[in-house]
S.K.: 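Next up is a structure, given as structure tokens.
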Amino acid sequence: MIPSRTSQIAGVIGRFADGGPILVQAASGLTPEAASARPGPGAWSPAEVIAHIVDTDLVLADRMKRLIAEDSPTLQAFDENAWIERLGSNEMPPEEAATLLAANRTWMTRVLRRLDEADFARAGTHTVAGRVTLAEALAKAVNHMDHHLKFLYAKRAKLGLAIYPRYAGNPGF
């Protein structure tokens, strides 16, 4: 049986909601030295990966709000590397950042769960990617965090701080 569009949307919203506690767990127990270390894969430290996840999530939440509330909004792109470099991301406390994401996702989940199915077809224009619907922005938020969690878990393992990996598609143990 193929799930209805409504149940598919509800499933993605559930995955979105699961992301807050998942990032809180993934960011926990990092000393300041471990958080700012730069083991592979990638050039960013665990603190920078977490800051990037949070920064992007806040931008995506803003885009989703615009898609819900405004007619055909323009959705501004941003330079992720400039944000990491210029915003002092390596010095930000990972657990504080994760708590911010969890609170934002709790808030946005409330907003998303009150919408009608038709609202998820509302669209705007991204300055680089072109047309984007609310459903696509929501899916991007879920997938973006899961993508970067892989790097964070690998960095933790290289630092001798491995934890069981959790993702929004599979939040349990």
Side-chain angles (χ1 to χ4, degrees), residues 12-39 42-70 73 75-115 124 126 132 134-157 159 161-173:
V12 177
I13 293 171
R15 289 179 60 206
F16 178 81
D18 290 339
I22 289 169
L23 188 62
V24 167
Q25 182 210 17
S28 67
L30 292 170
T31 65
E33 296 77 24
S36 64
R38 287 197 166 81
W44 291 346
S45 69
E48 290 167 330
V49 171
I50 293 164
H52 170 69
I53 292 169
V54 175
D55 285 341
T56 301
D57 214 71
L58 294 172
V59 168
L60 290 170
D62 176 75
R63 289 178 187 165
M64 288 188 279
K65 290 174 186 176
R66 290 177 188 284
L67 289 165
I68 294 164
E70 301 172 16
L75 309 172
Q76 184 66 43
F78 71 101
D79 182 340
E80 64 187 35
N81 289 310
W83 283 36
I84 291 296
E85 180 183 322
R86 302 280 301 150
L87 299 179
S89 299
N90 203 37
E91 300 163 17
M92 297 298 174
E95 290 179 0
E96 186 177 301
T99 300
L100 174 60
L101 179 134
N104 184 63
R105 286 215 173 178
T106 296
W107 185 265
M108 279 305 301
T109 297
R110 286 189 183 109
V111 171
L112 294 166
R113 285 189 171 144
R114 63 169 291 285
L115 299 175
H126 186 274
V132 176
L134 177 58
E136 292 166 337
L138 174 59
K140 180 172 178 127
V142 172
N143 294 330
H144 179 266
M145 190 171 96
D146 280 355
H147 169 76
H148 285 288
L149 281 171
K150 293 174 188 171
F151 295 106
L152 180 57
Y153 292 133
K155 289 175 183 297
R156 287 188 66 115
L159 291 166
L161 300 168
I163 59 172
Y164 189 86
R166 295 173 59 202
Y167 300 93
N170 182 20
F173 288 105

S.K.: Specify the closest pair of heavy atoms between Glu95 and Gly29, including all atoms of both residues, with the distance to one decimal.
M.R.: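 Minimum heavy-atom separation between Glu95 and Gly29: OE2-N, 2.9 Å.
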S.K.: Could you grab the distance from atom CZ of Arg38 to atom CG of Leu159, nearest 0.5 Å is fine?
M.R.: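 Nearest 0.5 Å value for the CZ-CG distance: 12.0 Å.
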S.K.: Working to the nearest 0.5 Å, report the span between CD of Glu136 and NZ of Lys140.
M.R.: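 Interatomic distance, Glu136 CD to Lys140 NZ, rounded to 0.5 Å: 10.5 Å.
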S.K.: Counting N and O atoms only, with roles assigned by atom type, does the side chain of Arg166 sit under 3.5 Å from a partner on the main chain of Gly19, one being a donor and the other an acceptor?
M.R.: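 No, the answer is negative, given that no donor and acceptor are paired below the 3.5 Å cut-off.
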S.K.: For Asn104 and Val54, run side-chain contact (heavy atoms from CB on, under 4.5 Å): C-alpha distance rounded to whole Å, both residues' side-chain angles, the deciding distance at 0.1 Å, then the answer.
M.R.: CA-CA 9 Å; Asn104 184 63; Val54 175; over 6 Å; no
S.K.: Spell out, as yes or no, whether a donor-acceptor pair under 3.5 Å connects the side chain of Arg105 to the backbone of Ala17.
M.R.: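 No, because the side chain of Arg105 does not come within donor-acceptor range (under 3.5 Å) of the backbone of Ala17.
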S.K.: Taking all atoms of both residues into account, what is the closest heavy-atom pair of Pro46 and Ala37, and its distance?
M.R.: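 What the structure gives for the nearest pair is CD-O, 3.0 Å.
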S.K.: Report the C-alpha separation of Val59 and Thr56 in whole Å, then their side-chain angles, then the decisive distance to 0.1 Å, and conclude whether the side-chain contact (heavy atoms from CB on, under 4.5 Å) test is met.
M.R.: CA-CA 5 Å; Val59 168; Thr56 301; 5.6 Å; no
S.K.: Please check if the number of heavy atoms outside Glu96 that lie under 6.0 Å from its CD is greater than 12.
M.R.: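 Counting other residues, nucleotides and ligands, CD of Glu96 stays at 12 neighbours or fewer.
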S.K.: Using a strict threshold of under 4.0 Å (side-chain N to carboxylate O), is an ion pair present between Lys150 and Asp146?
M.R.: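 The answer is no: the pair does not qualify as a salt bridge.
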S.K.: With a 3.5 Å distance limit and no angle check, can you tell me whether Lys155 reaches the backbone of Trp44 through a side-chain donor-acceptor pair?
M.R.: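 Between the backbone of Trp44 and the side chain of Lys155 there is a qualifying donor-acceptor contact (under 3.5 Å).
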S.K.: Is the side chain of Arg66 donor-acceptor paired with the backbone N or O of Leu75 at a distance under 3.5 Å, no angle test?
M.R.: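 Absent.
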S.K.: Where does the angle between the aromatic ring planes of Phe151 and His147 fall among parallel (under 30°), tilted (30 to 60°) and perpendicular (over 60°)?
M.R.: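 The rings of Phe151 and His147 stand perpendicular, inter-plane angle above 60°.
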S.K.: For Leu161 versus Ala34, what's the shortest heavy-atom pair and its separation?
M.R.: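 Smallest interatomic distance, heavy atoms only, reads CD1-CB, 3.6 Å.
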S.K.: CD1 of Ile53 to CG of Leu152: how many Å apart, nearest 0.5 Å?
M.R.: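 With rounding to 0.5 Å, CD1 (Ile53) is 6.0 Å from CG (Leu152).
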S.K.: Can you give me the closest heavy-atom contact between Ile50 and Ala27, atom names plus distance?
M.R.: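 Where Ile50 meets Ala27 most closely, the heavy atoms are CD1-CB, 3.7 Å.
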S.K.: Calculate, to the nearest 0.5 Å, the distance between atoms CD1 and CD belonging to Ile163 and Gln25 respectively.
M.R.: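 Ile163 CD1 to Gln25 CD: 4.5 Å, rounded to 0.5 Å.
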S.K.: Please step through side-chain contact (heavy atoms from CB on, under 4.5 Å) for the pair Ile22 and Tyr167, ending with a clear verdict.
M.R.: CA-CA 7 Å; Ile22 289 169; Tyr167 300 93; 5.6 Å; no
S.K.: Could you pull out the closest heavy-atom pair between Ala168 and Asp18, with the gap in Å?
M.R.: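 Of all heavy-atom pairs spanning Ala168 and Asp18, the closest is O-OD2, 4.1 Å.
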S.K.: At their closest point, which heavy atom of Glu48 faces which heavy atom of Ser45, and how far apart are they?
M.R.: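 Answer, listing the atom of Glu48 first, then Ser45: OE1-N, 2.8 Å.
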S.K.: Say you draw a straight line from CD of Glu70 to NZ of Lys65; how long is it, rounded to the nearest 0.5 Å?
M.R.: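 It is 11.5 Å, given to the nearest 0.5 Å.
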S.K.: Within the structure provided, determine whether Thr109 and Arg113 are in side-chain contact (heavy-atom separation under 4.5 Å).
M.R.: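 The answer is yes, as the side chains (C-beta and beyond) meet within the 4.5 Å cut-off.
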S.K.: Could you give me the CA-CA distance, side-chain angles and deciding distance for Met145 and Leu101, then say whether side-chain contact (heavy atoms from CB on, under 4.5 Å) is met?
M.R.: CA-CA 11 Å; Met145 190 171 96; Leu101 179 134; 4.2 Å; yes
S.K.: What's the separation between atom CG in Asp62 and atom CE in Met108, rounded to the nearest 0.5 Å?
M.R.: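 So the CG of Asp62 and the CE of Met108 are separated by 9.5 Å.
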S.K.: Considering residues at least two apart in sequence or located in another chain, which fulfil the ring pair (Phe, Tyr, Trp, His ring centres under 6.0 Å) criterion with Trp83?
M.R.: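 Per chain and number, Trp83 pairs via ring pair (Phe, Tyr, Trp, His ring centres under 6.0 Å) with Phe78.
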